[in-house]
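Inspection log for the structure reproduced underneath, given as structure tokens.
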Amino acid sequence: MSARYITTTLPYVNADPHLGHALEFVEADFLARTLRVQNTEVFFNIGTDEHGAKVAQKAKEEGKDPHAYVDEYAKRFKAFADQLDISYDSFIRTTDPVHIAAAQAFWARCFDAGDIYKASYKVKYCTGCELEKTDSELTQGRCLLHPNLNIESREEENYYFRFSKYQEALLAHYAKQQDFVMPEERMRELTSFVTAGLKDFSVSRRREKLAWGVPVPNDPEQVMYVWFDALVNYVSAIGWPQNEQRFLKWWPVTQLAGKDNLRQQAAMWQAMLLSAGFPFSRNIFIHGFITSGGQKMSKSLGNVIHPLELVEKYGVDAVRYVLLRHVSHVEDSDLTLTAIHEHYTAHLANGLGNLVARVMTLAEQHFPAPIELGPEEASIEPLFLEKIEEFRFNEAMDIIFEHVNKGDVYMTERTPYKKIKSENKSEQEEAKKDIEKLVRHLAKIAVHLTFAMPSTADSILNAVRSNKKPTNLFPRI
RNA sequence: CGCGGGGUAGAGGAGAGGUACCUCGGGAGGCUCAUAACCUCCAGACGCCGGUUCAAUUCCGGCCCCCGCAACCA
């Protein structure tokens, strides 16, 4: 029995869970569930990233103590995962004491390797906001809120991580393991980024400015910059450093991340691993963003799609279905409420739900007892599993839904509903065979749906096992 | 010359050196087991300009347009 470790990127808790989080959770869950049936022991990690300036600031805005604030958000994200039926084995919080200890131990390793050093750090500061600004927060070197003020440059002593040292090693690894990052477009982008040269990055902040972080070992003046702390969750979640055995059992990890996280996960984090003396991650899948109506979702545009509202309206499995089948595994994908509704109606109500209804109606009427299922119905198509392992989730889903269509075609061509009423005995027998075949076909579809749409799969299998037409699986809305 | 991606029927997507596929929508027919569902057939497309090739929408070059990213946005 082999072991596989899968993790999502921890969402930062400065905002509520959104459709992008749902996408990543569901993709990871799909993969985890399929691996579990392939004689593989799976450890599936999710969690929340809770330190840093933005969180401290948000907590202040809401008039809360940071601890209370992050507790609230961690609860919200966990509930979110539960409502999406995510089969996670671990929900790590970067404020967990074990994680904090791990971050410090990891830091110490990098420090001992000579990769963490102190240097002067320049920040851009807006005196109007009384806040540090990053380049992306500035437009033409100016703060948007205070365009008439000059941005000041301030300096302070911070710790740096020797990222530049690992350029060659990273490039060598990318060349050696070409599917380290998937899809390959992302690998190209990453390679060109690293080839262009790496600059050491700052990994701490002065404590007096930012108390909401992990204290740097042996320096009470400094706390870790949230990046450094957060990335370590991938090893702290599996027990490092206090349980070396457990760590060795699960590492290396398969990571899922958004395209905005490519560098951090596939370059920075990998360099940190190297510095601390760990093997690289196993592989990293980078997904795109979900847009709506061709634009980024934003409150001001009013095009935000709230995943939990979708769950309420269409059901969890329908939401999981849309995210797995109608979202590109490579590029950004557009989803609108209309499109979601259309997918639901066309493929779930008219397609899958209707097929189950028509087949089970015939079965219930013409068979006195349920059909015994055999090993054939329980087996899973290898191609289906391969697609998922290659992160081609939508193609895997296509395979299942082709079978739904085949069922409908078979029904039309063989007309068992007509032959079963025939006076002719042999026609009746033929019809019975056809119905049985269709019932087995349904069972097979259900088995394949276990991973993407667990409760739907259960409903179908229950219907087959009890020889009873279920209530509408996907009512028209 | 900053980096990467993209422009395919009315809409949204997939694809590949040689009959361009899917979903929704439109048109015609069929079926009646089913959630007014299902099946069949038809109409309709490869941004622009060059090049390579027997053959390009697919490869190469140029142009136009769109979208991300541009490192501490966590």
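This structure is a prediction, so every number in the text was calculated from the model and none was measured. Numbers restart at 1 for each chain; the letters A, B, ... are given by sequence-line order, proteins then strands.
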**Prompt:** A:Phe474 near the nucleic acid: base, sugar-phosphate alone, or nothing, with a heavy-atom cut-off under 4.0 Å?
**Reply:** base
**Prompt:** With no hydrogens and no angle check, is any side-chain donor or acceptor of A:His448 less than 3.5 Å from a backbone partner on A:Ile399?
**Reply:** no
**Asked** When you compare B:U23 with B:A34, how far apart are their P atoms, in angstrom units rounded to a whole number?
**Response** 25 Å
**Message:** Wobble G-U and Watson-Crick pairs count when both distances are under 3.5 Å; given that, what is the 5' to 3' dot-bracket string of RNA chain B, with | for pairing to other strands?
**Reply:** .((((((..((((....[..)))).(((((.......)))))....(((((..]....))))))))))).....
**Residue from A:Trp227, A:Trp269, A:Tyr166, A:Phe163 passing ring pair (Phe, Tyr, Trp, His ring centres under 6.0 Å) with A:Phe201** = A:Phe163
**Request:** For A:Asp260, report the nucleic acid contact type (base, sugar-phosphate, nothing); a contact means any heavy atom under 4.0 Å.
**Result:** base
**Request:** Tell me what A:Thr191 touches on the nucleic acid: a base, only sugar-phosphate, or nothing, going by heavy atoms under 4.0 Å.
**Result:** nothing
**Request:** Could you check whether A:Lys259 gets within reach of a base, just the sugar-phosphate, or nothing at all, counting any heavy atom under 4.0 Å?
**Result:** sugar-phosphate
**Asked** Considering only heavy atoms from C-beta outward, does the side chain of A:Glu189 approach that of A:Leu262 to under 4.5 Å?
**Response** yes
**Message:** Rounding to an integer number of angstrom, what distance separates B:G12 and B:C60 when you compare their P atoms?
**Reply:** 26 Å
**Message:** At 4.0 Å (heavy atoms only), tell me whether A:Asp398 reaches a base, stays on the sugar-phosphate, or touches nothing.
**Reply:** nothing
**Message:** Between C1' on B:G12 and NE2 on A:His326, what's the gap in Å once rounded to a whole number?
**Reply:** 11 Å
**Request:** Measure from the side-chain N and O atoms of A:Ser275 to the backbone N and O of A:Ala271, and report whether any donor-acceptor pair falls under 3.5 Å.
**Result:** no
**Asked** Can you find a side chain N or O atom of A:Arg476 that sits less than 4.0 Å from OP1 or OP2 on B:A37?
**Response** yes
**Message:** I'd like the C1' distance from B:A11 over to B:A45, given in whole Å.
**Reply:** 12 Å
**Message:** Output the rounded distance in Å from NZ (A:Lys54) to C1' (B:C72).
**Reply:** 11 Å
**Check: A:Glu221 main-chain N/O paired with A:Arg207 side-chain donor or acceptor under 3.5 Å** = no
**Message:** I'd like the P distance from B:G17 over to B:G6, given in whole Å.
**Reply:** 16 Å
**Message:** Distance check, C1' atoms only: B:A9 and B:G25, in whole angstrom units.
**Reply:** 12 Å
**Complete:** Between the CD atom in A:Glu168 and the NE2 atom in A:His173, the distance rounded to the nearest 0.5 Å is 15.0 Å
**Asked** Taking the side chain as C-beta and beyond, is there a heavy-atom pair between A:Tyr69 and A:Lys60 under 4.5 Å?
**Response** no
**Asked** Taking atom P in both B:A16 and B:G5, what distance in whole Å separates the two?
**Response** 16 Å
**Message:** For a quick check, with a 4.0 angstrom heavy-atom cut-off, what is the B/S/- contact string for nucleotides 21-34 of chain B, read 5' to 3'?
**Reply:** --SS------SSBB
**Prompt:** Can the ring centres of A:Phe180 and A:Phe285 be said to be less than 6.0 Å apart?
**Reply:** no
**Message:** Taking any heavy-atom pair under 4.0 Å as a contact, classify A:Leu231: base, sugar-phosphate, or nothing.
**Reply:** nothing
**Item:** Pairs touching residues 347-359 of chain A that satisfy salt bridge (charged side-chain N to carboxylate O under 4.0 Å, His left out), sequence neighbours left out
**Value:** A:Arg358-A:Asp408
**Message:** Once you apply a heavy-atom cut-off of 4.0 Å, does A:Leu198 come out as touching a base, just sugar-phosphate, or nothing?
**Reply:** base
**Asked** At their closest point, which heavy atom of A:Leu170 faces which heavy atom of A:Gln270, and how far apart are they?
**Response** CD2-CB, 3.7 Å
**Fill in**
Between A:Trp227 and A:Arg186, the residue closer to the 5' end of RNA chain B by nearest nucleotide is A:Arg186
**Asked** Across the strands shown, which category fits A:Gly258 at heavy-atom distances under 4.0 angstrom: base, sugar-phosphate, nothing?
**Response** nothing
**Message:** Taking the minimum atom-to-atom distance to the side chain of A:Val409, which one of B:C72, B:C39, B:A74 wins?
**Reply:** B:C39
**Message:** I want to verify a distance call: between B:A71, B:A74, B:C72, whose nearest atom is closest to the A:Val226 side chain?
**Reply:** B:A74
**Message:** Under a 3.5 Å distance rule, please check whether A:His441 uses its side chain to pair with a backbone N or O of A:His403 as donor and acceptor.
**Reply:** yes
**Request:** Please tell me which of A:Gly197 and A:Asn261 maps to the more 5' nucleotide of RNA chain B, matching each residue to the nucleotide holding its nearest heavy atom.
**Result:** A:Gly197
